Amino acid sequence: MTTTRSRQDRDPEAARSRDRYEPSTIEAKWQERWEREGVYRTPDHVPGKDNWYALVMFPYPSGDVHIGHWYQYAGADAHARFKRMQGYNVLHPMGFDSFGLPAENAAIASNIHPRIYTEANIANMRRQFRSMGAGYDWDRELETHSPEYYRWNQYLFLKLYKAGLAYRSRGFANWCESCQTTVANEQVLDGACERCGTTIVRREMDQWFFRITAYADELLEMDDLDWPNKIKVMQANWIGRSGGVDFDFDISEYGLAETRLTTFTTRIDTVYGATFVVLAPEHPLVEQLTQPEQRESVVGYVEQAARTSEIERTSTEREKTGVPTGAYATNPLNAERVPILVGDYVLATYGTGAVMGVPAHDDRDFVFAKKYGLPVRVVIAPDDWDGSDLEEAYLAPGTQVNSDEFDGLPSAESIERIADKIEAGQIGHRRVTYRMRDWQFSRQRYWGTPIPIIHCKSCGTVPVPVSDLPVRLPDEAEFKPTGRSPLADDPDFINTICPDCGEPARRETDTMDTFVDSSWYHLRFASPQESEAPFDPDAVRAWLPVHQYMGGAEHAVMHLLYSRFFGKALRDLGLVDFDEPFTRLFNQGLLIKDHRKISKRSNPLAPDALVARYGADAIRCYLMFLGPWDQGGDWSDDGLSGITRWLNRVWDLAVRDIAGLPEVGDPETERELVRAAHKTTRRAVLDLERFKFNTTIAALMELSGDMNRIWDRGSVTAAAWSDAIERMLLITAPLAPHIAEELWERTGHPFSIHNEALPGWDDELAADEVITVVVQINGKVRERLELPADVTEDQAFEAAFASDRVKSYLDGAEVVRRIYVPGKLVNLVVR
RNA sequence: GCCGAGGUGGCGGAAUGGUAGACGCGACGGUCUCAAAAACCGUUGGGCAUAACGCCCGUGCGGGUUCGACUCCCGCCCUCGGCACCA
């Protein structure tokens, strides 16, 4: 067999040791050389090249680049390398999101300082990223826990604070008992802490907020974002814009300061069906409206509600409860007096914290009214309604009834007419509300960015002067969580002087949510050493917005929304001049194993051991070969052998001795080789652009099989063979950077393949000479014809009719229609 | 409940109106070997079959559009992800 001839020709032992693919040897060698020669160092400008910012979400330094990280970072690296070989000046930076609770918790558990713990983890992960062969520019690495980074968190916070986009407010916050800190709404999943799963309780306290709601409408504008639709939908749902009407009931009969009780509804067309009003237990008027006879039950109910956890209160499964206040509200439209109740299915934080109860046209009001015997009045008649009682609330549009002058109108029209009337009568107005709340970002923990604020008895809340930044996190601190920030127990930290009046004052002791760090890190990567500003405007102009952002979908309404908000706020502050930070976004899927998520504890898969055994290139390629990157992958240990075989074959093909190839090749075989190489190039380049690594590798596998067969015929020239090998290596380079580099050198090319351009392709050379044309009879494949690629329609039909097989189907039948798809098929419709 | 993605051989997957199952794993058979491993070659959706030439069925289920449907439309079922008393 010719395949092994070149090896057998030489001294077998020596040849084997020289020519065998040994990933561990070559990978270390090239990683060292790439670094030494600064192959991936990225200047801001390279003459003749466009810039491409390929950013992958940076990791929290847990200490280990686990296989799920590999899945993410290997794919992102391959795509960045691909763009680089397309001729872009590519910025593909890496850093660490290194503030946060795990380090602090580990510090408490093992009595190591979070900084020591974090920095050890970073060192290990940096080593692991190197072993992956990722093409990062390590000169641009950033770590968010370094004062050089977080001082700019503080700086940007002060900018936002002065612009009124950051504020402190007292209210009910999401408190995690286990993490001993508050968390933002976005960080509560199913009523539990996103990080640890502990049930969140509400706790009233002073907290810091970013006014993200000021940008709610602009954040909904996502048409120009080349993002997965899924993420856009999730963000739109999270923001939850709904237009409706604030409608005032009259409560002047109680002689209170407030003469009106404002409710919010999106269904003002149903207002004539309001038979009661429900207040949230926290509504400020509950206290004043409650009548003496009801006081005891209302107070009991409100206390009970306060003790109920958020998760329980917002469960749709739970039976709706409420108590009457004994007070009544008058509907100004029809002068009807309806009872006011308190019910905890009404949320204090949405709309006005009060709703009009329209049981006929709202599911929740319906069950509530049935339970408490409140009247149900139909005001929107279904098309076929016979006037009988409803079995359930009718939510669809219909015809207005029991609604004074609006009777007979379609509800779609009356919804506007009634709103007009309310606005004209000054008993309410149209309003837009949002589900999204402001971003609560203060945390009562140590390992984060101190909020640069000083509380002064006489001057109030005073920002730390920019010249005093950074407010450093004290190195020595007692980390044990007590429900307030550990910084509060550090006298050296809290005691300071008011910058305004010079009197003794106290520092703010809360630290920032780590999502603040990641809301602008993409800007910092443009000029990570910049010491006079958070970023150098010229560098930002050179790189931003990010051309291609890559990362998991789990950040849809956290990081990705916060970053967009920061971008818009910084734009309005004049710090950047673009609207969106991430032009294109690609979400890789989840890597699973045995139908379960791979996790450190329950389903481990240690990459270091795999790399030692199979090499980084094999692991990278295997992860990319599992399936389409956006759909995630299903790891199985067995599958690796396919990739290993392929890499061995690539090696074997490339190191063959081409000296023995003929001077003049067989033209047909040569064309075949050229065709295979150009076809593969086309497939690979188009697929890599779309992150279809799996089909790129499949194409390369086919090429290696084709080349192996062609070699065996011994009839191609060295030039043709070498050109095909070159193409194969160049396309392999973004996927398996080490083996490609090694073979590039062994085939006589100068360092480095990663500075080369991807090959182009020629559609004519890639075109088949003979094509298979399928002949269908009534849509069923009955014959396959090998015809010249330039076959005409007439010739194709002629060939079809000449086929004995086809004839047998046409016997005694009449061809009533013929369809021709050029280069593909002929379909004969017979009767 | 609402929104989104998906459902294709034993397994991972390919093909988005035109040859279903590319590529790979696994399995089976073979070459090489004392043997094994590796490597290489071949077979591999199911059924029928006069075994040759073939035929039928087949992409979650039921309909539809079309000369032709994994692909488009309608109605279901299931899996995964997100949201969920937001008035």
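Computed from a predicted model, the values in this text were never measured in an experiment. Throughout, a chain's letter reflects where its sequence line sits, starting with A, and its residues are numbered from 1.
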Reckon [X] touches a base, only the sugar-phosphate, or nothing at all at heavy-atom distances under 4.0 Å?
X         : answer
Pro228(A) : nothing
Val821(A) : base
Val355(A) : base
Leu825(A) : base
Val816(A) : nothing
Arg805(A) : sugar-phosphate
Thr433(A) : nothing

Please confirm whether the shortest side-chain N or O distance from [X] to OP1 or OP2 of [N] is below 4.0 Å.
X         : N      : answer
Arg782(A) : C56(B) : yes
Lys780(A) : C57(B) : yes
Arg267(A) : A87(B) : no

Paired with [N]: which nucleotide, if any, by Watson-Crick or G-U wobble criteria at under 3.5 Å for both distances?
N      : result
C83(B) : G1(B)
G12(B) : C23(B)
C40(B) : G30(B)
G68(B) : none
G62(B) : C74(B)
C53(B) : none

Does the side chain of [X] come under 3.5 Å of the side chain of [Y] through a donor N or O and an acceptor N or O?
X         : Y         : answer
Tyr21(A)  : Asp652(A) : no
Ser803(A) : Tyr809(A) : no
Thr433(A) : Tyr350(A) : yes
Arg437(A) : Thr349(A) : yes

Quick check against the 3.5 Å criterion: does [X] have a side-chain atom that pairs as donor or acceptor with the backbone of [Y]?
X         : Y         : value
Arg727(A) : His678(A) : no
Thr275(A) : Val376(A) : no
Lys230(A) : Ala553(A) : no

Rounded to whole angstrom units, what separation is found between the [atom1] atom of [X] and the [atom2] atom of [N]?
X         : N      : atom1 : atom2 : answer
Tyr614(A) : A38(B) : OH    : P     : 12 Å
Trp651(A) : A38(B) : CH2   : C1'   : 17 Å
Met624(A) : G13(B) : CE    : P     : 17 Å
Tyr622(A) : G13(B) : OH    : P     : 10 Å
Leu561(A) : C83(B) : CG    : C1'   : 14 Å
Arg709(A) : G42(B) : CZ    : P     : 7 Å
Ile777(A) : U19(B) : CD1   : P     : 16 Å
Asn778(A) : C67(B) : CG    : P     : 11 Å

When you compare [N] with [M], how far apart are their [atom1] atoms, in angstrom units rounded to a whole number?
N      : M      : atom1 : answer
G81(B) : C73(B) : P     : 26 Å
G63(B) : C70(B) : P     : 15 Å
U8(B)  : U71(B) : P     : 14 Å
G4(B)  : C55(B) : P     : 44 Å
C32(B) : A14(B) : C1'   : 34 Å
C77(B) : G62(B) : C1'   : 10 Å
A20(B) : U59(B) : C1'   : 7 Å
G21(B) : G45(B) : C1'   : 8 Å

Under 4.0 Å protein heavy-atom contacts per nucleotide of nucleotides 21-29 of chain B, with B for base, S for backbone only and - for none: -BBSSS---
Of Gly632(A) and Asp362(A), the one whose closest RNA chain B nucleotide lies more 5': Gly632(A)
Residue closer to the 5' end of RNA chain B, Lys692(A) versus Gly779(A) (nearest nucleotide): Lys692(A)
Checking contacts here: which listed nucleotide ([options]) is nearest the side-chain heavy atoms of [X]?
X         : options                : value
Asp634(A) : U19(B), G12(B), A14(B) : G12(B)
Asn708(A) : A87(B), A84(B), C40(B) : C40(B)
Phe264(A) : A87(B), U19(B), C85(B) : A87(B)
Tyr809(A) : A87(B), C3(B), C55(B)  : C55(B)

Glycosidic conformation of G9(B), taking syn as within 90° of 0 and anti otherwise: syn
Qualifying residues under salt bridge (charged side-chain N to carboxylate O under 4.0 Å, His left out), relative to Arg435(A), sequence neighbours excluded: none
Parallel, tilted or perpendicular: ring planes of Phe368(A) versus Tyr345(A), cut at 30 and 60 degrees: tilted
Derivation of the side-chain hydrogen bond (donor to acceptor under 3.5 Å, both in side chains) call for Trp635(A) and Asp637(A): CA-CA 7 Å; Trp635(A) 176 282; Asp637(A) 294 333; 2.7 Å; yes
Aromatic ring proximity, centroids under 6.0 angstrom, Trp629(A) and Phe586(A): yes
